Asks: 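Here it is, the structure in full.
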There are 2 protein chains.
Amino acid sequence: MRKKEEAAPEKKRRGRSARDQGLSRERVVEAALALIDAKGYANFSLRDVARELGVYPTAIYWYVTSRDELLVEVITRALGDLIPGPLPAGRWRDWLKELFHRYRRAVARHPNVAPLLGSQIISNASMNPVMVEAVLRTLLSAGFKSEELIHVYNTVITAMVGFVTLEFAGHGADERDEWEDRLRVRFEELDRDEFPLLTANMTRMSNQAFIVRWKGGTNRALEQSFDRYIDVVLDGLQRQLAGDADTQKQ
Amino acid sequence: MRKKEEAAPEKKRRGRSARDQGLSRERVVEAALALIDAKGYANFSLRDVARELGVYPTAIYWYVTSRDELLVEVITRALGDLIPGPLPAGRWRDWLKELFHRYRRAVARHPNVAPLLGSQIISNASMNPVMVEAVLRTLLSAGFKSEELIHVYNTVITAMVGFVTLEFAGHGADERDEWEDRLRVRFEELDRDEFPLLTANMTRMSNQAFIVRWKGGTNRALEQSFDRYIDVVLDGLQRQLAGDADTQKQ
DNA sequence: ACCTGAACACCGTTCAAGT
DNA sequence: ACCTGAACACCGTTCAAGT
């Protein structure tokens with residue numbers, strides 16, 4: 001064997017030739033994530049994964065039942081372990097803060113998966129009961145009552161996912177330049193009388209404000225905003241907690 | 001004319017036969033949104049739009065330069081006008097609350113566009129300078145300083161988009177049932193000792209909590225959570241405002 | 001058990017041609 | 001100006017067949 005490498009599915013054997021000791025679910029997921037990292041989600045295809053691994057497209061289906069199932073697995077792998085270690089009692093704010101930052105760092109490492117987060121099947125699908133349990137524990141220890149637990153929980157998940165998704169789910173690497181130009185032009189054309197605040201704050205806002213920015217968030221520009229956002233949410237939660245205590249006393 | 005309806009591109013002339021007085025950009029966008037509403041974003045295709053309008057797929061390109069451009073237009077149409085009317089000075093909380101609710105109501109009317117919001121090209125692309133300007137005006141009138149304006153602005157946009165995207169961007173109508181079953185099974189299998197809080201709060205959380213819920217948010221189940229979330233954000237913003245005032249006095 | 005190989009029913013988009 | 005019609009280079013997925 002290894003005499004007649006006939007290159008049936010156009011074996012390109014790039015890098016460390018992929019077909020070494022057969023496929024596995026892990027190798028398929030790994031290849032998929034690598035491709036999304038490299039070429040963006042918009043250009044992702046199962047057939048590319050197969051090409052990369054040097055097999056026929058249909059071989060993938062032996063390890064994964066559909067494209068969507070593969071994507072769920074990719075997300076799970078990209079996010080990794082998010083749960084902070086246990087913290088001293090009363091430090092629930094720090095625990096949540098750490099959770100949010102871990103999430104952001106994970107997505108920052110794989111910005112091209114962002115379009116899949118918070119939308120699509122994936123948000124529900126990659127649900128991790130261990131994380132849910134840990135968040136609930138933290139919130140109860142903070143003093144939230146179990147009637148309101150769901151709502152506070154939802155607030156926390158939104159806080160974690162919402163900002164970062166918006167931040168990184170710009171356009172794929174390819175389309176970026178094109179959109180940059182279009183947006184820039186649109187903004188330079190804005191009337192100063194009609195949009196006084198927007199034009200006045202242009203320099204400050206460009207590339208740092210959602211909707212207005214034209215670069216994807218692969219850089220650290222929005223980290224400040226993220227921290228401010230987290231503080232707002234945590235302050236809000238704490239106030240609600242204080243409010244509960246008040247109504248309890250009455 | 002009208003004698004030889006040869007049905008070239010399989011004219012199905014469903015409903016009020018589509019080809020009445022020629023195409024237009026508006027009719028294309030309208031048809032696209034209607035299709036997404038009816039069959040979900042996952043099943044959306046340009047060719048379907050053409051079929052619906054009784055024309056060849058390539059005819060679409062006369063009114064729209066690409067699939068993505070069409071989608072941007074669809075979003076814009078689905079969201080409609082979000083900006084609340086002017087409110088008495090000092091009522092910035094109410095103004096923002098109204099903005100958030102308008103956004104949620106718009107998405108609730110077209111839940112299938114949710115996967116496009118907050119992710120994809122679309123968040124930036126459908127940027128509306130009028131809205132940006134209005135938000136900035138409200139925030140400045142609330143007392144936020146212009147150095148921190150961007151960060152507060154980003155917080156507001158996240159608050160608006162994040163929750164609602166998560167809420168409605170479940171699975172398309174088709175896939176829903178399948179995922180329902182899988183998730184339900186996963187949860188019924190959870191160990192009570194390993195996940196005490198999760199299993200104890202099962203009844204309360206199912207269908208109401210992100211990640212845990214298996215039904216898409218087409219119903220009103222999460223509206224309560226949304227209102228709580230909004231309060232948290234607004235409380236948080238107000239506290240930051242108070243904090244600013246304090247440091248200014250020192 | 002694991003993968004090939006052919007085939008099906010689709011896509012978005014380009015481009016020349018018609019009217 | 002507006003649309004047809006053919007064509008290109010792709011898709012995800014199914015299923016029988018090989019080893």
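The structure displayed is predicted, hence computed values, not measured ones. In what follows, every chain begins at residue 1, and chains take the letters A, B, ... in the order their sequences are listed.
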Asks: Select one nucleotide: of C/dA7, C/dT4, C/dT13, the one nearest the side-chain heavy atoms of A/R47.
Replies: C/dA7

Asks: To the nearest Å, how far apart are B/R25 CZ and D/dC3 P?
Replies: 15 Å

Asks: Would you find a donor on one side and an acceptor on the other, under 3.5 Å apart, between the side chain of A/R47 and the backbone of A/P57?
Replies: no

Asks: Go ahead and name the base partner of D/dT19; Watson-Crick or wobble counts if both distances stay under 3.5 Å, otherwise write none.
Replies: C/dA1

Asks: Can you list everything that forms a side-chain hydrogen bond (donor to acceptor under 3.5 Å, both in side chains) with A/E194? Sequence neighbours excluded, please.
Replies: none

Asks: For the side chain of B/A59, counting heavy atoms from C-beta on, which of D/dC3, C/dC3, C/dG12 is nearest?
Replies: D/dC3

Asks: Any side-chain N or O of A/R51 under 4.0 Å from OP1/OP2 of D/dC11?
Replies: yes

Asks: For D/dT13, give its Watson-Crick or G-U wobble partner with both distances under 3.5 Å, or none.
Replies: C/dA7

Asks: Nearest whole angstrom, please: distance from the P of C/dT14 to the CH2 of B/W62.
Replies: 14 Å

Asks: Looking at B/T58 and D/dG5, is any side-chain donor or acceptor paired with a base atom of the opposite kind under 3.5 Å?
Replies: yes

Asks: Separation of B/L35 atom CG from C/dG12 atom P, in whole Å?
Replies: 12 Å

Asks: To the nearest angstrom, how far is A/Y61 atom OH from D/dG12 atom P?
Replies: 7 Å

Asks: Taking only the C1' atom of each, what is the distance from D/dC10 to C/dC8 in whole angstrom?
Replies: 15 Å

Asks: Counting only side-chain N and O atoms of A/Y56, is one of them less than 4.0 Å from OP1 or OP2 of C/dC3?
Replies: no

Asks: Under the rule for salt bridge (charged side-chain N to carboxylate O under 4.0 Å, His left out), what residues qualify as partners of A/E26, not counting sequence neighbours?
Replies: A/R77

Asks: To the nearest Å, give me how far apart CG (A/L53) and C1' (C/dC2) are.
Replies: 14 Å

Asks: Would you classify B/R67 as touching base, sugar-phosphate or nothing, given that sugar-phosphate means primed atoms plus P, OP1 and OP2, and contacts are heavy atoms under 4.0 Å?
Replies: sugar-phosphate

Asks: State whether the side chain of B/R102 and the backbone N or O of B/G80 hold a donor-acceptor pair below 3.5 Å, judged by distance alone.
Replies: no

Asks: Between atom CG in A/L46 and atom P in D/dT13, what is the gap in whole Å?
Replies: 6 Å

Asks: Looking at CZ of B/R104 and CG of B/L99, how far apart are the two atoms once the value is rounded to the nearest 0.5 Å?
Replies: 14.0 Å

Asks: Do the side-chain N or O atoms of A/Y63 get closer than 4.0 angstrom to the phosphate oxygens (OP1, OP2) of C/dC3?
Replies: yes

Asks: Given atom CD1 of B/I60 and atom P of D/dC3, what is their separation to the nearest angstrom?
Replies: 10 Å

Asks: If I take atom CG in residue A/D68 and atom C1' in nucleotide D/dT13, what distance separates them, rounded to the nearest angstrom?
Replies: 12 Å

